[in-house]
Chemist: 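Would you mind keeping the following structure in view while I ask a few things?
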Amino acid sequence: MTTVLTFGEMMMRMAPCGYKRLAQTLPGTLEVTYAGAEANVAVSIAMLGGRSRFVTALPKNKLAEAGATTLRGLAVDTEHIVWTDSGRMGIYFVETGANQRSSLVVYDREGTAIATTEAAAYCWEKCMAGCGWLHVSGITPALSRQTAEATLAAVQAARKYGLTVSLDLNFRKKLWRWDPECVGRPLAEKTMRTILPFVDVLIANESDCADVLGIVAGSSDTERGVLDIDRYPAVASAVAGQFPNLTHVAITLRESVSATHNNWGAMFYDVAAKKAFFGPTDAEGHYKPYEIRAIVDRVGGGDAFAAGLIYAMTSDDYASPEKAIRFAAASSCLAHSVYGDFNYTSRSEVESLLAGNGSGRVQR
C-alpha cells in the first residue's frame with residue numbers, strides 16, 4: 001500500500017467526563033486527548049493497517065512532544081514535523097451533546113505554531129518522498145494566511161511529485177477570520193477555489209458544498225437533519241463541472257435525529273463514469289444508512305470516513321467505487337462508538353460490520 005501523507009494542525013482536546021457541561025465541570029478536571037482533522041486521518045489509516053505520515057508545525061515543549069509521541073505509538077511517521085521556537089499548541093474544548101442538546105465546540109487556536117509558520121518552512125520534496133497520496137482539509141487554511149499558503153504549496157508540490165491529492169472541505173464557521181476585509185463563508189470560498197484545482201478526490205459532508213461553493217442539494221435542511229438524498233449526485237456533478245481536475249467526489253450523509261441518534265451513510269461519485277455509488281446498501285442494492293442510536297462520540301466521524309475511503313482506494317481489495325464507499329461508511333460508523341477524535345478501529349472490525357455483524361455481541 002502507498003504511504004499517505006497528511007498535513008494540518010494537531011491540537012489538544014479538552015472535555016468534561018461523560019455528558020457534563022463545561023459549566024458543571026470548571027473549575028475542575030477535564031480529560032485531555034490529542035486531535036486534529038488530518039492527524040485523525042493519519043491515525044485511522046495506521047489503525048486499519050495502512051502506512052501514514054503526518055506533517056505539521058509544533059512548538060518545542062513537552063505538550064507537543066507528548067502529542068508526537070502519541071502518534072508514533074500508533075505507527076504514524078512524524079519524522080518531518082517542523083519544530084518551532086515560537087507559537088503554541090492549539091486547544092479545543094468540547095461538550096458532548098445528548099438527546100436534543102447539541103454538542104458544543106470552543107476553539108482556542110490563535111497564535112499556534114502552525115498558524116504562524118510560513119509555507120517555506122516545509123520541505124515538501126522530503127516530506128513527500130516515498131508517498132503516493134496527500135490529504136489536506138479546509139480547516140487548516142481557515143486558521144491563518146500562513147496556513148492557507150502552506151496548504152496551497154502542499155497541493156501544488158503533490159501535483160509536481162505525482163501524488164494523488166484528497167481534500168475534505170470541512171467548513172468551520174467559527175474559523176475563517178484571518179482577513180479583516182473578507183471573513184467567514186466568502187473567505188472560505190475565495191481560498192478553497194485556489195486550492196481545489198490541485199485536488200483529485202474531494203470529500204465533503206452534507207452541507208459543505210453549499211457552505212463553501214454555493215451548490216445546494218435540493219430541499220436538504222441540514223440544521224433539521226433532513227436530506228434530499230437523491231439530489232447529491234447532482235451536487236457532485238456540479239462540483240466536478242467547476243473543477244474538471246476532480247476524479248471523484250465523496251459526500252457523507254448525516255441525518256441528525258438527535259445528538260445521540262444519527263442515520264449515517266455516504267455517496268461516492270465517479271466523475272469519468274458519471275455514476276454515483278452509495279453505502280451502506282440493503283440486499284437489493286438500495287441505499288440504507290446505518291442507524292446509530294447511541295452515539296458515544298461523533299467528533300472525528302468525518303475524518304474516519306476520509307481515512308476509510310483513502311485506505312480503500314489505495315488497497316487491492318476495496319479499490320472499486322462500490323467497495324470503497326461501503327468500507328468508508330462502515331469505518332466511520334464504528335468511529336461513533338469510540339471516545340475521542342482518533343478512530344481506534346481495525347480493518348477486521350470494519351470487515352465484520354460489512355459482513356453484517358453489527359449486533360455488538362461480546363467477542364470471546
Side-chain angles (χ1 to χ4, degrees), residues 1-6 38 40-52 131-137 163-170 199-206 208-209 229 232-233 235-237 239-240 245-254 264-283 285-290 300-336 343 345-356 358:
M1 297 186 70
T2 188
T3 297
V4 178
L5 171 68
T6 72
E38 300 85 359
N40 296 345
V41 171
V43 168
S44 186
I45 288 172
M47 291 297 300
L48 290 168
R51 294 195 297 266
S52 62
C131 296
W133 193 293
L134 169 70
H135 178 73
V136 294
S137 85
L163 280 69
T164 299
V165 178
S166 59
L167 178 140
D168 192 334
L169 275 179
N170 266 340
V199 174
D200 301 290
V201 180
L202 178 65
I203 302 168
N205 70 19
E206 60 284 338
D208 282 336
C209 292
I229 301 293
Y232 280 93
V235 169
S237 178
V239 174
N245 49 286
L246 292 173
T247 62
H248 297 84
V249 178
I251 300 178
T252 57
L253 303 170
R254 184 188 298 277
W264 177 259
M267 181 212 72
F268 192 38
Y269 186 77
D270 185 320
V271 176
K274 297 182 179 180
K275 185 175 181 180
F277 303 87
F278 288 84
T281 56
D282 60 20
H286 302 300
Y287 175 62
K288 184 180 181 182
Y290 292 110
D303 302 324
F305 171 83
L309 186 68
I310 295 167
Y311 176 85
M313 292 182 72
T314 55
S315 71
D316 293 331
D317 299 330
Y318 294 98
S320 70
E322 300 96 326
K323 292 182 178 180
I325 191 60
R326 292 179 62 239
F327 188 95
S331 178
S332 55
C333 172
L334 291 174
H336 289 72
N343 184 18
T345 299
S346 67
R347 171 172 168 159
S348 62
E349 289 172 318
V350 176
E351 290 176 332
S352 179
L353 179 57
L354 287 172

Chemist: For His135 and Ser166, run side-chain hydrogen bond (donor to acceptor under 3.5 Å, both in side chains): C-alpha distance rounded to whole Å, both residues' side-chain angles, the deciding distance at 0.1 Å, then the answer.
Modeler: CA-CA 5 Å; His135 178 73; Ser166 59; 2.8 Å; yes

Chemist: Give the minimum heavy-atom separation between Ser332 and Gly301, together with the two atoms involved.
Modeler: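 Looking at all heavy atoms of both residues, the closest pair is CB-O, 3.4 Å.
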
Chemist: Heavy atoms only: give me the nearest Leu246-Ala240 pair and the separation to one decimal.
Modeler: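 Answer, listing the atom of Leu246 first, then Ala240: CD1-CA, 4.2 Å.
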
Chemist: Please report the interatomic distance OH(Tyr318) to OH(Tyr311), rounded to the nearest 0.5 Å.
Modeler: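 That separation rounds to 8.0 Å.
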
Chemist: Output the distance between atom OG1 (Thr164) and atom CD1 (Ile310), rounded to the nearest 0.5 Å.
Modeler: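 CD1 of Ile310 is found 10.0 Å from OG1 of Thr164.
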
Chemist: Kindly compute the distance separating OH (Tyr290) from CG (Leu253), expressed to the nearest 0.5 Å.
Modeler: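 Reported value, rounded in 0.5 Å steps: 13.5 Å.
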
Chemist: Quick check for you: to the nearest 0.5 Å, what is the distance between Ser52 atom OG and Met47 atom CE?
Modeler: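 Reported value, rounded in 0.5 Å steps: 11.0 Å.
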
Chemist: If you define the side chain from C-beta out and look only at heavy atoms, does anything of Asn343 sit under 4.5 Å from Val43?
Modeler: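 Counting from C-beta outward, Asn343 and Val43 never come under 4.5 Å.
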
Chemist: Are Phe268 and Asp270 packed together at the side-chain level, in the sense that at least one heavy-atom pair is separated by less than 4.5 angstrom?
Modeler: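 Phe268 does not reach Asp270 side chain to side chain.
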
Chemist: Quick check: closest heavy atoms across Trp264 and Thr252, and the distance to 0.1 Å?
Modeler: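 Heavy-atom minimum between the residues: CH2-CB, 3.7 Å.
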
Chemist: What pair of heavy atoms forms the shortest contact from Gly279 to Tyr287, and how long is it?
Modeler: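 Here Gly279 and Tyr287 meet closest at O-CE1, 3.5 Å.
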
Chemist: Using only atom types and a distance under 3.5 Å, with no angle test, would you say the side chain of Ser315 pairs donor to acceptor with the backbone of Ala312?
Modeler: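 Between the backbone of Ala312 and the side chain of Ser315 there is a qualifying donor-acceptor contact (under 3.5 Å).
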
Chemist: When you compare the side chain of Val271 with that of Thr247, does any pair of heavy atoms fall below 4.5 Å?
Modeler: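 Not in contact.
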
Chemist: Give me the one residue out of Leu309, Leu353, Leu48, Asp317 that meets side chain to side chain contact (heavy atoms under 4.5 Å, CB included) with Phe327.
Modeler: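 Between Phe327 and the candidates, side chain to side chain contact (heavy atoms under 4.5 Å, CB included) is satisfied uniquely by Leu48.
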
Chemist: Strictly distance-based, threshold 3.5 Å: is any side-chain N or O of Asp208 a donor or acceptor partner for the main-chain N or O of Asn170?
Modeler: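 Flag set: sc Asp208 to bb Asn170 pair under 3.5 Å.
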
Chemist: Atom CE of Met313 and atom OG of Ser320: how far apart are they, to the nearest 0.5 Å?
Modeler: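 Output value for this atom pair is 10.5 Å.
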
Chemist: Hey, could you give me the NZ/OH distance between Lys274 and Tyr269, rounded to the nearest 0.5 Å?
Modeler: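 Lys274 atom NZ to Tyr269 atom OH measures 7.0 Å (nearest 0.5 Å).
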
Chemist: For the residue pair Phe278 and Ile229, what are the closest heavy atoms and their distance?
Modeler: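 Answer, listing the atom of Phe278 first, then Ile229: CE2-CG2, 3.7 Å.
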
Chemist: Give the minimum heavy-atom separation between Thr2 and Trp133, together with the two atoms involved.
Modeler: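 Distance-wise, the nearest heavy atoms are OG1-N, 4.1 Å.
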
